[in-house]
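Below is one structure, written out as structure tokens; the observations come after it.
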Amino acid sequence: MNTWVLLGVAVAWLLVNFRWIVLYRDGQVFDIDEAGYFGMALNNHGAALRDGVTGWIEAVESPGIQAPLLPALTSLHFFATGTGTVAAFLVPLVAGVALILLTHAVADRVAGRPFAWIATVLIATAPGVLFEARAYHFALPAAVMTTAAVYCLIRSEGLSKPRFVVLFGIFVGLMPLSRTMAIAFVPALVLAALIQAVVPHDRKRRLKHLVLAALVAAGVAAIWLVPNGARVFGYLFGFGYGKQSVEFGQEAGVFNPAAWVARLRLLIFDHGLPHTLLLGAGLVAAIVVAVVKIRTGPAKDVLGSMVASALFPSALLVAEGGLAVLTSKNAGTAFFLPLVPSMAILALWGWYRVHRSLRRVLPFVVAAAGLLALVPMVDLRLPTARPWEVDLPVLGTSKITDGRGAPQLYADPDGNVAEPVSVETVREWRAASEWAADQVKQHDAVGGATAFGFRDRLFNTNTVQLEMLRKLGYGVALPQVNPTENGNTEPDYRSWLTSYQNSNGGDASKTCLLFTATGTVNEFEPKVDPPSMVSAAAASGFTPVATRPLPNGRLVTLWQRPQPTCMPS
């Protein structure tokens with residue numbers, strides 16, 4: 001009976017979110033990440049159509065820094081669904097269902113069925129989970145792989161059951177393939193497995209199983225990390241702990257109070273104030289309960305029981321993962337999500353154990369918080385979908401509820417728009433990217449590189465690459481200026497356009513086409529200086545050849561300079 005009720009909840013959740021996607025994502029704008037990932041999926045799909053299985057494998061493993069799992073899976077189901085916009089969201093949507101079911105399964109192992117249902121409601125109504133199920137991002141697949149690894153480690157019963165040991169290794173290996181930053185969470189699960197293997201008396205057999213799990217994980221991860229490892233680790237350390245990380249945050253450090261406040265604000269932004277309060281206060285309660293338990297009993301016996309418990313992998317994951325996020329300035333997009341199911345289970349366990357009266361009232365508190373979060377996200381046109389915020393000491397403006405999706409937040413990041421971007425506006429943005437793709441073709445620049453001398457949120461290398469993939473079935477080199485990495489002055493721009501500099505999008509010194517734009521509306525921070533970029537273009541041998549306005553009022557100029565790779569064949 002419990003299984004059927006759980007499946008019914010999962011199906012209802014699936015239908016609510018699928019309806020939202022059909023109504024409010026079909027034909028809407030993509031954010032820059034979505035456009036890039038969707039382009040990867042189209043590239044993989046096109047390679048499979050042209051060259052079969054071999055072409056698909058080569059495309060999936062092609063040089064890059066972005067995890068391949070989501071685009072690879074999407075490219076496969078495109079054979080059945082077609083390549084429409086709604087079809088792109090099927091994998092994140094199914095991943096959301098899987099996360100709910102996995103959370104229930106882990107929580108059931110921790111404290112039984114009633115506890116599992118509370119955890120299920122908390123995760124199923126978490127605004128960050130709902131938001132990511134409606135966005136073409138890596139966060140939900142990464143959360144699924146992480147939570148699946150936790151579940152399999154628990155089911156292995158201290159690495160004593162080979163079947164779950166192998167599954168544990170598979171899911172740990174899939175974590176980096178689902179999102180590169182998930183590599184930061186792998187040490188916690190490896191350490192949890194090691195500790196649980198050495199504590200029991202038959203540690204020799206369990207350690208052999210740990211070696212087996214490690215080999216399986218390494219083999220799975222090697223599928224993609226072997227050809228791309230150097231790029232991936234350079235990207236992780238550059239954007240996680242290098243100078244590029246400051247574009248995504250300013251505070252880091254375990255002993256830096258501002259970093260703790262910044263991460264708490266991030267949790268509130270992702271999951272809303274009610275869910276964040278439940279998680280935060282519950283985690284504090286869990287720490288208090290654990291400390292009291294250690295102080296009031298034989299330390300060795302208490303620690304042994306803690307290590308052997310089903311809660312131990314989640315607790316260690318939250319501790320190590322939290323440190324990893326705290327020590328990087330890059331707050332990222334939904335970086336916390338792979339930790340949230342374990343955070344929820346650990347927090348609810350804290351509420352459960354701190355006092356018996358709280359155990360009785362907890363289901364009602366979670367139900368109220370869940371209803372408060374879910375209602376605004378059922379339909380974008382409801383009055384409740386508009387942001388509801390409150391000003392708090394230290395934390396500043398904090399979200400209570402917000403029913404908007406990625407297009408609304410991206411098209412109007414500082415506003416309160418809670419409606420689909422108009423069809424006319426969407427058509428104008430799409431037409432701008434199509435125009436840019438046509439210019440690349442018309443100027444015979446497909447074999448060369450086309451640079452972007454600005455970083456607009458809705459007209460950028462990823463949106464134009466997506467149109468190139470739709471037109472040609474393969475991508476082209478589109479380097480984009482990076483002020484943090486390349487510098488943000490006119491000489492820096494000239495150097496970028498004339499001297500080789502390693503770039504994920506290509507070498508700008510080999511470009512024959514360059515796009516520049518007036519103004520800084522919708523520009524990513526740090527903003528490029530338009531007049532300086534224009535001066536750098538003129539000094540680097542470029543001549544303006546075409547212009548086009550964008551829907552946000554910016555004027556795009558296309559520049560051209562002679563290059564061997566851009567000459568007609």
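In what follows, every heavy atom counts, from backbone to side chain, and hydrogens, waters and symmetry copies are set aside.
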Taking every non-hydrogen atom, the tightest pair across E132 and A334
OE2-CB, 3.7 Å
Side-chain donor or acceptor of R263 paired with backbone N/O of V325 under 3.5 Å
yes
Does either side chain, that of N460 or that of R455, offer a donor lying less than 3.5 Å from an acceptor on the other one?
no
Between the NE2 atom in H104 and the CD1 atom in I118, the distance rounded to the nearest 0.5 Å is 11.5 Å
Which heavy-atom pair separates T81 from A87 by the least distance, and what is that distance?
OG1-CB, 3.4 Å
Nearest 0.5 Å please: distance from the CG atom of L93 over to the CG atom of L140.
9.0 Å
Tightest non-hydrogen contact, residues G405 and W20, listed as CA-CH2, 3.7 Å
Test side-chain contact (heavy atoms from CB on, under 4.5 Å) on M377 and T401 and set out the steps.
CA-CA 9 Å; M377 302 193 77; T401 64; over 6 Å; no
Note: S342 and V150 closest approach over all heavy atoms is OG-CG2, 4.3 Å
Side-chain donor/acceptor of R134 to backbone N/O of A406, under 3.5 Å:
no
Could you tell me whether a side-chain N or O of H271 sits under 3.5 Å from a main-chain N or O of G128, the two making a donor and an acceptor?
yes
Got a second to check how far R265's CZ is from K399's NZ, nearest 0.5 Å?
13.0 Å
Can you give me the closest heavy-atom contact between R19 and V378, atom names plus distance?
NH1-O, 3.4 Å
Applying ring pair (Phe, Tyr, Trp, His ring centres under 6.0 Å), can you list everything that pairs with Y151, at least two apart in sequence or on another chain?
none
Taking all non-hydrogen atoms of both residues, which atom of L99 and which atom of P341 are closest, and how far apart?
CD1-CG, 3.6 Å
Do you see a donor-acceptor pair shorter than 3.5 Å between the side chains of W117 and N2?
yes
Hey, what do you get for CG (L348) to CG (L279), rounding to the nearest 0.5 Å?
7.5 Å
Do any N or O atoms from the side chain of N228 and from the backbone of G64 form a donor-acceptor pair under 3.5 angstrom?
yes
For D270, enumerate each residue passing the salt bridge (Lys or Arg N to Asp or Glu O under 4.0 Å) test, keeping only those at least two apart in sequence or located in another chain.
none
Could you check F30 against T463 for side-chain contact (heavy atoms from CB on, under 4.5 Å), going step by step and ending with a plain yes or no?
CA-CA 8 Å; F30 283 130; T463 61; 5.8 Å; no
Minimum side-chain heavy-atom gap F171-V144 below 4.5 Å:
no
Without swapping roles, check the side chain of W351 against the backbone of L278 for a donor-acceptor pair under 3.5 Å.
yes
Side chain proximity check, T125 to L371, heavy atoms < 4.5 angstrom:
no
What class does the angle between the rings of Y37 and Y136 fall in, given that below 30° is parallel, 30 to 60° is tilted and above 60° is perpendicular?
tilted
Could you verify whether a donor N or O on one side chain and an acceptor N or O on the other, from H209 and S156, lie under 3.5 Å apart?
no
Can you name the side-chain contact (heavy atoms from CB on, under 4.5 Å) partners of L277, sequence neighbours left out?
L273
When rounded to the nearest 0.5 angstrom, what is the spacing between CG in L317 and OG1 in T146?
7.0 Å
According to the interplanar angle, ranging from 0 to 90°, do the rings of H137 and F131 count as parallel (below 30°), tilted (30 to 60°) or perpendicular (above 60°)?
tilted
Just checking, is any N or O donor in the side chain of S75 or H45 under 3.5 Å from an acceptor N or O on the other one?
no
Close side-chain approach of P387 and R404, heavy atoms under 4.5 Å
yes
